[in-house]
Each structure stands twice: as structure tokens, then as C-alpha cells.
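The structure under discussion appears below in the form of C-alpha cells.
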Amino acid sequence: MAASRYKTLVDALASDIRTGRLAAGVRLPTHRGLAAREGIAVVTATRVYAQLEAMGLVSREQGRGTFVRDIAVPAGHGIDQQAVATDAVDLTFNYPSLPGQADLLRQALREVATSGDLDSLLRYQPHRGRPQDRASIARHLRRRGITTDADRILIVNGAQQGLAITVMAALDAGDVVAVDALTYPGFKVLAHALQLGLEPIPTTTDGPNLDALEKLCATRPVRAIYAMPTLHNPLGWVMPARDRTRLIKIARQYGSLIIEDAAYAYLAEDPPPPLAATAPDITVYVSGLSKSVATGLRVGFVVAPPSTVPSLERAIRVTTWNTSALTTAIACRWLDDGTVDHLEAQKREDAKARQSLARQELAGLPLIGHPSSYFTWLTLPDDARADRLTATLARRHISVTTAEPFTTSTHAPQAIRLALGSTDLDRLQSTLRTVRQVAVEDAYT
């Protein structure tokens, strides 16, 4: 009978939410209030709300209660995210492109087509990439502050696969990984798929709270620490050198592997040395060219401690066998002839212009972001609803992301992330003006 009552109540509330009888943003009764109203046990009321939350119909916020979600907003991100409407301005993803990139590709294809190496590109490649290509990447990494030889480098299909093979090779289901309380959604999806236990670390203005990290490591068997020390996504921080030193010390003391995600690191000028430069024996460094060159150029690279290279190579073998030799050949040509350095410098300037525009058009609103980042974080008042704001913007043909996909703690903060790199500057300016207008009307009044 109790099970039947539980299911009936879930269905009734779900129907009320989907039909609009319970409007988006409405605060639902407390667990005890629902239990008293429906004549059920408090534990059953808790199960009801948990099921509705799993269905994406409500959200629970610590100290505030349970609220009806705006179901016009996609609950997921990454593999679960719905496609952005063709008539919408996309401020959810960054795929910055510069004038002339298509011409660079045409020229590169001509050069590859006339090279004497073309036939070899049609064959299977070594799982971790050809030695000459890994040597090109090693030369590139020296300019990022990492001195390594080609034997420690593995070429992968973008940084996301680099993260995937690292987790597959180094961790097991149930292992504990320390992550920032707000982190890259792609790592969340990966951790869920491989059944890792993510433990959120509170954030400060310029990095994770290292006291909290040390306390966690002292009380739990933390197998790995996932970090974005240079150009954090979504908060844009660059960790100071002293904090990097302490993070490494904590990892050494407790035997934790460091997974350093450097996908956006190219945007920061003169940052402190990467973690992998200071602690190469316990750090797996993951980056690629999708952000700095083009999202369609799925070439990434992993720099790993020598002892882990064989297991990482096996993970490549069982997933994709090898990275496309054709795209790798083009990427390495661009690494060697300075094209990548040129594009990265241009995109740093482009990102600065967009970030400056965002701060101009959203002046007075609480923004968090790096001066040369392609994204900015807009925090909302405690009594605002990010999903309602997102739905309102969607009706204005603007797509943004709430904090939910980035959140690893129990409750997502009320905030939105604005990706600035996927539309031209004129349209971005007018779009940001609309974002400001809607935010002021919806959240700040």
C-alpha cells in the first residue's frame, strides 16, 4: 500500500508540474508538510521529492526548500544537452573561430596531399601516435613550460578522450576523486559513466580551498585530484604558484594522482608553471587543440608519468585504436610552422575583447571571470531562480547554462555561465544587452 501511495503521489505531482498547475519557481511544502498533508511518513515524502528531482522536475536547495523547475530548460549538459535552436544565439558552448581558418585548412590539405608521406596516413598508426608527431607536441609543450620527451606523450582524439583514458587506466569504479565544487561538466559525465565517487572541494576566489582538500585526503582514500589550475572552467581562476606548491604537497603526502586539465590554459598569459612541470611523476597533463585551434580538429595530448604510459596506451587501443593520422599530420604541421602559436595569440586577443565587452554590457552585475577568458559567470541573488531566468532567455532566443551541470556538491548555486566565443562581436553585444535587461527584470528586482 505504501509503495502504491508513493507512486501515486509522484505521478500526481509530476502531472501538475508538466501541465503547469504547479508553476515554475513555486516552493513546495517541506518534507514534514507534505507528509502531514498527504498522510504519509516523512521518509516517504523524502522519497517522493528525490524521485521528482531525479526526473528533473524539482530542485532542492539547502536552507531554502524544494522548488518546481522550469522544465522548458534542459536539465542536462554534454551528452544529455538538447541541441540549441537554429534561431538562438548560443552562449552555452565555445567554438571560437577566426577569419581565415578555413583557408589555412585548405592549404594544409593541399600540402598533405602532395607530401610523400600520404600513403602511410592510410594505415593503422601506433596507439599513442607516431614518434615524429609526439616530438612536435613535445616542442610545443616546452613553450607551455613543460619539458618532456616524446616517450611520455600520447596523442588522443581531443582532451575529453585524454581524460577518459586517464580515468580508465588509473582508477577503478568506486574510487574517490577530489574535484572543485564547480567543475567541467565533461568530467562529471565521465565520472558518472565509470562510477567514480566525486568529492566536492569548496572554492575560493583563486582556486580550491586547500584546507578542505587536505582534510578530505586525511579522512578519505582520495585516489586522484582533478584540477584546472590555469583558466578554470567555469570560474576562470589562475591558481597562484604558492597554492600549486601546496596542492602538490598534499597529493604527495596522501598518494593521490593529479589530473591536470589544461584545455583553456593557452588563454592565460605568463601563468605559474603547470603542475605537470613541477610534479611530473604524479601528474597526468591533458590538453588539446580543440579550443585553441578548432573544435573539429580532434587532436589532444596527454603527458604522463612513465610508469602509467603502458596502461594509458592500452586504454587508447580498446577505445579508438589510434587518433586519425590525417588530422594529426595537419595539427603537427601547424605546431611546427608556428600556425598554432599565431592562432593562440589571436584568440587571446579575441577573448580579451569579448570579456571586455561582457563587462561593459553587464556592468554592475556580479561577474566572475578571467580578463582573457571566453566565458563569464554571473551570480544571482539568493532568492532568484536560474532556471526561470534561463527559460526567459530561451524565449528571447538566447541559450545559456545554469550552474547545475557544473555543480558537484548537493545543491547548485543560483548562477548562469555565459560562453562568449560562438557568435560575432556585434551580435554578442546586442545579446548581452538583452541578457542584462532580462536579468535585471527577472532576478535583480
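Looking at Asp350 and Arg354, a side-chain N of the basic residue comes within less than 4.0 Å of a carboxylate O on the acidic one, giving a salt bridge. For Arg128 and Glu313, the salt-bridge test passes: some basic side-chain N is under 4.0 Å from an acidic carboxylate O. A salt bridge links Glu269 to Lys352: at least one charged side-chain nitrogen sits closer than 4.0 Å to a carboxylate oxygen. Electrostatic pairing of Arg106 and Asp103 counts as a salt bridge here, judged by a charged N lying under 4.0 Å from a carboxylate O. Ion pairing between Arg246 and Asp211 holds under the 4.0 Å rule for side-chain N and carboxylate O. Of the charged side-chain nitrogens involved, at least one lies within less than 4.0 Å of a carboxylate oxygen, so that Arg252 and Asp281 count as a salt-bridged pair.
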Leu231 and Val238: CA distance, side-chain angles, deciding distance, side chain to side chain contact (heavy atoms under 4.5 Å, CB included) verdict: CA-CA 5 Å; Leu231 234 303; Val238 175; 4.2 Å; yes

Yes or no on side chain to side chain contact (heavy atoms under 4.5 Å, CB included) for Asp133 and Arg130, after CA distance, side-chain angles and deciding distance? CA-CA 5 Å; Asp133 294 334; Arg130 300 185 301 176; 2.9 Å; yes

With side chain to side chain contact (heavy atoms under 4.5 Å, CB included) as the test, would you mind laying out the steps for His192 and Gln195 before giving the verdict? CA-CA 5 Å; His192 177 75; Gln195 300 179 337; over 6 Å; no

Evaluation steps, ring-ring contact (aromatic ring centres under 6.0 Å, His included), between Trp321 and His127: CA-CA 6 Å; Trp321 192 271; His127 303 306; 4.6 Å; yes

Evaluation steps, side chain to side chain donor-acceptor pair (under 3.5 Å), between Arg298 and Ser290: CA-CA 6 Å; Arg298 301 304 301 163; Ser290 294; 2.6 Å; yes

Verify ring-ring contact (aromatic ring centres under 6.0 Å, His included) between Phe301 and Tyr285, making sure each step is shown before the conclusion. CA-CA 8 Å; Phe301 36 87; Tyr285 179 94; 7.1 Å; no

Let's go through Val222 and Tyr254 carefully: what are the C-alpha distance in whole Å and the side-chain angles of both, what is the deciding distance for side chain to side chain contact (heavy atoms under 4.5 Å, CB included) to 0.1 Å, and is it a yes or a no? CA-CA 8 Å; Val222 176; Tyr254 293 99; over 6 Å; no

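At a threshold of 4.5 Å between non-hydrogen side-chain atoms, the residues Leu367 and Trp377 do not count as touching. Side chains of Ile225 and Ile259 form no contact here, defined as non-hydrogen atoms less than 4.5 Å apart. The closest side-chain heavy-atom distance from Glu199 to Val177 is not below 4.5 Å. Within the 4.5 Å cutoff, the side chain of Leu432 has heavy atoms near those of the Leu418 side chain. Between Thr376 and Arg417, the closest side-chain pair of non-hydrogen atoms is not below 4.5 Å. Looking at Trp237 and Thr204, their side chains never come closer than 4.5 Å, going by heavy atoms from C-beta outward. Counting only heavy atoms from C-beta outward, the side chains of Asp424 and Gln429 never approach each other to under 4.5 Å. Proximity of Arg436 to Glu361: side-chain heavy atoms (C-beta onward) are nowhere separated by under 4.5 Å.
Thr320 and Asn157 share a side-chain donor-acceptor pair at under 3.5 Å. A donor and an acceptor atom, one from each side chain of Ser372 and Gln355, are nowhere located under 3.5 Å apart. Side-chain contact of Arg152 with Thr148: a donor-acceptor pair under 3.5 Å is present, judged by distance alone. Between the side chains of Thr278 and Arg244, no donor-acceptor pair is found at a separation under 3.5 Å. Side-chain polar atoms of Arg139 and Ser136 form a donor-acceptor pair below 3.5 angstrom. In summary, the side chains of Arg144 and Thr230 do not present any donor paired with an acceptor at a separation below 3.5 Å, with no hydrogens or angles considered.
Going from atom CG of Asp206 over to atom CE of Met239 covers 8.0 Å, rounded to the nearest 0.5 Å. The distance from the CE atom of Met168 to the CG atom of Leu190 is 9.0 Å, given to the nearest 0.5 Å. One distance of note links CZ of Arg348 with CG of Leu343; it measures 10.5 Å at 0.5 Å rounding. Here OG1 of Thr66 is found 9.0 Å from CG of Leu52. Values are rounded to the nearest 0.5 Å. Residue Ile258 holds its CD1 atom at 4.0 Å from OG1 of Thr283, rounded to the nearest 0.5 Å. Here the NE2-OH distance, from His232 to Tyr264, works out to 12.5 Å after rounding to the nearest 0.5 Å.
A donor-acceptor pair is defined here as one N or O able to donate and one able to accept, closer than 3.5 Å; no such pair exists between the side chain of Arg69 and the backbone of Val58. Panel note: side chain Thr408, backbone Ala181; a donor-acceptor pair is recorded below 3.5 Å. In this structure, the side chain of Gln125 engages the main chain of Ser120 through a donor-acceptor pair within 3.5 Å. Remark: the backbone N or O of Asp341 is not paired with any side-chain donor or acceptor of Tyr266 at under 3.5 angstrom. At distances below 3.5 Å, not a single donor-acceptor pair connects side-chain atoms of Thr295 with backbone N or O atoms of Tyr95. At distances below 3.5 Å, not a single donor-acceptor pair connects side-chain atoms of Thr339 with backbone N or O atoms of Leu335. Using modelled atom types, no side-chain atom of Thr308 and backbone atom of Ala304 make a donor-acceptor pair closer than 3.5 Å. Between the Glu260 side chain and the Ala276 main chain, a donor and an acceptor come within less than 3.5 Å of each other. Not a single donor-acceptor pair under 3.5 Å links the side chain of Thr92 to the backbone N or O of Ser399. Within the 3.5 Å criterion, the main-chain N or O of Val179 finds no donor-acceptor partner in the side chain of Thr183.
In plain terms, the two heavy atoms of Ala384 and Ala443 that are nearest each other are CB-CB, 3.8 Å. Nearest heavy-atom pair across Lys347 and Ala294 is NZ-N, 4.3 Å. Of all non-hydrogen atoms in Ser256 and Cys217, the two that sit nearest each other are OG-SG, 4.4 Å. In plain terms, the two heavy atoms of Ile398 and Ala88 that are nearest each other are N-CB, 4.5 Å. Nearest approach of Ala419 to Asn94, heavy atoms of both residues: CB-OD1, 3.5 Å. For the residue pair Ile155 and Thr323, the shortest heavy atom distance occurs at O-OG1, 3.2 Å.
Sequence neighbours left out, the pairs with a member in residues 162-179 that pass salt bridge (Lys or Arg N to Asp or Glu O under 4.0 Å) are Asp175-Arg223.
Remark: Arg314 pairs with no residue by the side-chain hydrogen bond (donor to acceptor under 3.5 Å, both in side chains) rule, at least two apart or across chains.
Taking the six-membered ring wherever Trp is involved, the centroid distance between the rings of Tyr226 and Tyr184 does not fall below 6.0 Å.
Among Asn233, Asp261, Asp180, Val167, the one residue that satisfies the side-chain contact (heavy atoms from CB on, under 4.5 Å) test with Phe187 is Val167.
Atom CD of Gln132 sits in a crowded spot, with more than 12 heavy atoms from other residues, nucleotides or ligands closer than 6.0 Å. Summarising the local packing, CZ of Arg142 is surrounded by more than 12 heavy atoms from other residues, nucleotides or ligands at distances under 6.0 Å.
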